[in-house]
*Asks:* 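Take a look at the following structure, please.
Position 1 is the first residue of the sequence; numbering continues from there. Computed from heavy atoms alone, side chains included, the values below leave out hydrogens, waters and symmetry copies.
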Amino acid sequence: MSDALWSKLIGTVPAILWVAFAATVYFTLRGTLIQRMVPRLAAVRALGIEVELAEELLDRAQEEKEAAVTPTAKRVALGRLEHAADALQGGEMLWVDDHPEGNAPLVELFRKAGMRIDVAVSTEEAMPLFRRRPYDIIISDLDRDGDPQAGIKMLRLLEQHKVHVPVLIYTGMFDPERGVDRRIFAATTQPVDLVHYVIDLMERARLGSL
C-alpha cells in the first residue's frame, strides 16, 4: 500500500472516532432524554385542559354577573392564570358573601389553580375563620342581609383583631366614583378584574411585599 493511501486512511481515523463517540453518547442518553421529555409533554397537555376549563369557568362567572367582557380581556386573564400557577398554588383565601352560589364558578376556578378557599355567608361566620387562619386574601361583598355597609363593618373588625390581610370587594353593585375605603385593596363587579387582583396579591405575597 502506498504512503499516500496510508496518509488518507490515517486522516480519516479522527472523523470516524468522532462519529462513533457521538453515536455512543446519543444512544446512552436517549433513554434519559425521552424520560425527561415525556413528563414535560404530559404537563403541556394537562395545561391545555386546565386552560380550557379555566375559560369555561370564567365564562360561567361572567354569565352569573351578566357582565360583558371583550375577547381580548378574557384572553389576557387566561394568559395570566396560566403563567401565575406557581404564585396561586397553595394560596389561602376567605370568601365572605351571603349568596355564595353566585361565586361558585370563580371559587372552583381558584381551587383548580391550587388555592384553598373557605366560604362564609356572614361576618359572624367569617370571624372565627379569619381569627385562626392566616389567609393571603379576603374577598367580600358589601351588602349582606340587608345591611349595605356589612362589608365595611367587617373591615373594622379585621382591624380590631389585628388581621392585616388584603381585602378585595367583589359585588354586583359598586360605584367607583364614590371612592374606596383605604383598607380595601381593590373593588370590582367584573370576574375578569377579580382574577387579575387575586393574581396581583398572590404574586406580591410570594415576593414578601405585603
*Asks:* I would like to know whether R60 and E55 meet side chain to side chain contact (heavy atoms under 4.5 Å, CB included); could you show each step before the answer?
*Replies:* CA-CA 9 Å; R60 283 171 48 196; E55 182 174 10; over 6 Å; no
*Asks:* Tell me yes or no: between the side chains of S122 and R144, is some donor less than 3.5 Å from an acceptor?
*Replies:*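 No pair is found: no donor N or O on one side chain lies under 3.5 Å from an acceptor on the other.
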*Asks:* So, for V96 and A126, which heavy atoms are closest and what is the spacing to 0.1 Å?
*Replies:*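 Smallest heavy-atom distance, with atoms named: CG2-CB, 3.7 Å.
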*Asks:* Following the transitive rule for hydrophobic clusters with a side-chain heavy-atom cut-off under 4.5 Å over Ile, Leu, Val, Met, Phe, Trp and Tyr, establish whether L168 and V121 coincide in one cluster.
*Replies:*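 In one cluster: no.
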*Asks:* Please give me the minimum heavy-atom distance between M93 and I139, naming the atom from each residue.
*Replies:*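 Reported closest heavy-atom pair: SD-CD1, 3.5 Å.
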*Asks:* Are the charged groups of R80 and E203 less than 4.0 angstrom apart, N to O?
*Replies:*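 Salt bridge present between R80 and E203.
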*Asks:* Kindly indicate, with the supporting measurements, whether the criterion side chain to side chain contact (heavy atoms under 4.5 Å, CB included) is fulfilled by I152 and I184.
*Replies:* CA-CA 9 Å; I152 301 301; I184 297 172; 4.0 Å; yes
*Asks:* How about V195 and L58: do any of their side-chain heavy atoms sit closer than 4.5 Å?
*Replies:*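 Yes, close enough: below the 4.5 Å cut-off.
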*Asks:* Nearest heavy-atom pair of P191 and A61: which atoms, and what distance?
*Replies:*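 Of all heavy-atom pairs spanning P191 and A61, the closest is CG-O, 3.6 Å.
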*Asks:* CG of L94 to CG of D136: how many Å apart, nearest 0.5 Å?
*Replies:*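 L94 CG to D136 CG: 11.5 Å, rounded to 0.5 Å.
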*Asks:* Where the side chain of D98 meets the backbone of D145, is there a donor-acceptor pair that is under 3.5 Å apart?
*Replies:*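 Yes, the answer is positive, given that a donor and an acceptor are paired below the 3.5 Å cut-off.
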*Asks:* Nearest heavy-atom pair of F185 and R204: which atoms, and what distance?
*Replies:*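 The pair with the smallest heavy-atom distance is CE1-NH1, 3.6 Å.
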*Asks:* Nearest 0.5 Å please: distance from the NE2 atom of H196 over to the CG atom of L194.
*Replies:*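 It is 10.5 Å, given to the nearest 0.5 Å.
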*Asks:* Side chains of L157 and M127: closer than 4.5 Å at any heavy-atom pair?
*Replies:*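 Counting from C-beta outward, L157 and M127 do come under 4.5 Å.
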*Asks:* Applying the 4.5 Å side-chain criterion to the ILVMFWY set and letting contacts propagate, would M115 and L53 be lumped into a single cluster?
*Replies:*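 Yes.
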*Asks:* For D147, does the CG atom have more than 12 heavy-atom neighbours from other residues, nucleotides or ligands under 6.0 Å away?
*Replies:*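 Yes, enclosed.
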*Asks:* What residues, two or more places apart in sequence or in another chain, satisfy side chain to side chain contact (heavy atoms under 4.5 Å, CB included) together with E63?
*Replies:*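 So E63 forms no side chain to side chain contact (heavy atoms under 4.5 Å, CB included) with any residue.
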*Asks:* Once you round to the nearest 0.5 Å, how far does CG of L88 lie from NZ of K112?
*Replies:*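 Interatomic distance, L88 CG to K112 NZ, rounded to 0.5 Å: 15.0 Å.
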*Asks:* Which pair of non-hydrogen atoms, one from A120 and one from L129, has the smallest distance, and what is that distance?
*Replies:*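 That closest heavy-atom pairing would be CB-CD1, 4.3 Å.
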*Asks:* Walk me through it: do V165 and F130 pass the test side chain to side chain contact (heavy atoms under 4.5 Å, CB included)?
*Replies:* CA-CA 9 Å; V165 177; F130 65 63; over 6 Å; no
*Asks:* About how many Å separate CE of M202 and CD of Q89, when rounded to the nearest 0.5 Å?
*Replies:*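 So the gap between those two atoms works out to 10.0 Å.
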*Asks:* Rounded to the nearest 0.5 Å, what separates atom CG in D59 from atom CG in L57?
*Replies:*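 Spacing of CG (D59) from CG (L57) equals 9.0 Å.
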*Asks:* Among residues two or more places apart or on two chains, list those pairs meeting salt bridge (charged side-chain N to carboxylate O under 4.0 Å, His left out) that have a residue in residues 188-197.
*Replies:*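 The answer is none; no pair qualifies.
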*Asks:* When rounded to the nearest 0.5 angstrom, what is the spacing between OH in Y197 and OG1 in T188?
*Replies:*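 The OH atom of Y197 sits 5.5 Å away from the OG1 atom of T188.
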*Asks:* So E159 and H164, side chain to side chain contact (heavy atoms under 4.5 Å, CB included) or not? Walk me through it.
*Replies:* CA-CA 7 Å; E159 282 194 343; H164 304 295; over 6 Å; no
*Asks:* Search all heavy atoms of T171 against all heavy atoms of K65 and return the closest pair with its distance.
*Replies:*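 Minimum heavy-atom contact is C-NZ, 3.7 Å.
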*Asks:* Indicate yes or no: at least one non-hydrogen side-chain atom of V76 is less than 4.5 angstrom from one of K74.
*Replies:*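 Side-chain contact under 4.5 Å: no.
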*Asks:* With P128 as reference, evaluate E124, R132, R131, E125 under the side chain to side chain contact (heavy atoms under 4.5 Å, CB included) test and give the passing residue.
*Replies:*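 Of E124, R132, R131, E125, side chain to side chain contact (heavy atoms under 4.5 Å, CB included) with P128 is met by R132 alone.
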*Asks:* Show me the donor-acceptor pairs within less than 3.5 Å that the side chains of residues 100-111 make with the rest of the protein, sequence neighbours left out.
*Replies:*
| from | atom 1 | to | atom 2 | distance (Å) |
| --- | --- | --- | --- | --- |
| E101 | OE2 | H99 | ND1 | 3.4 |
| N103 | ND2 | D97 | OD2 | 3.2 |
| R111 | NH2 | I117 | O | 2.8 |

*Asks:* Do R133 and R116 come within less than 4.5 Å of each other through their side chains, counting heavy atoms only?
*Replies:*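 The answer is yes; the side chains approach within 4.5 Å.
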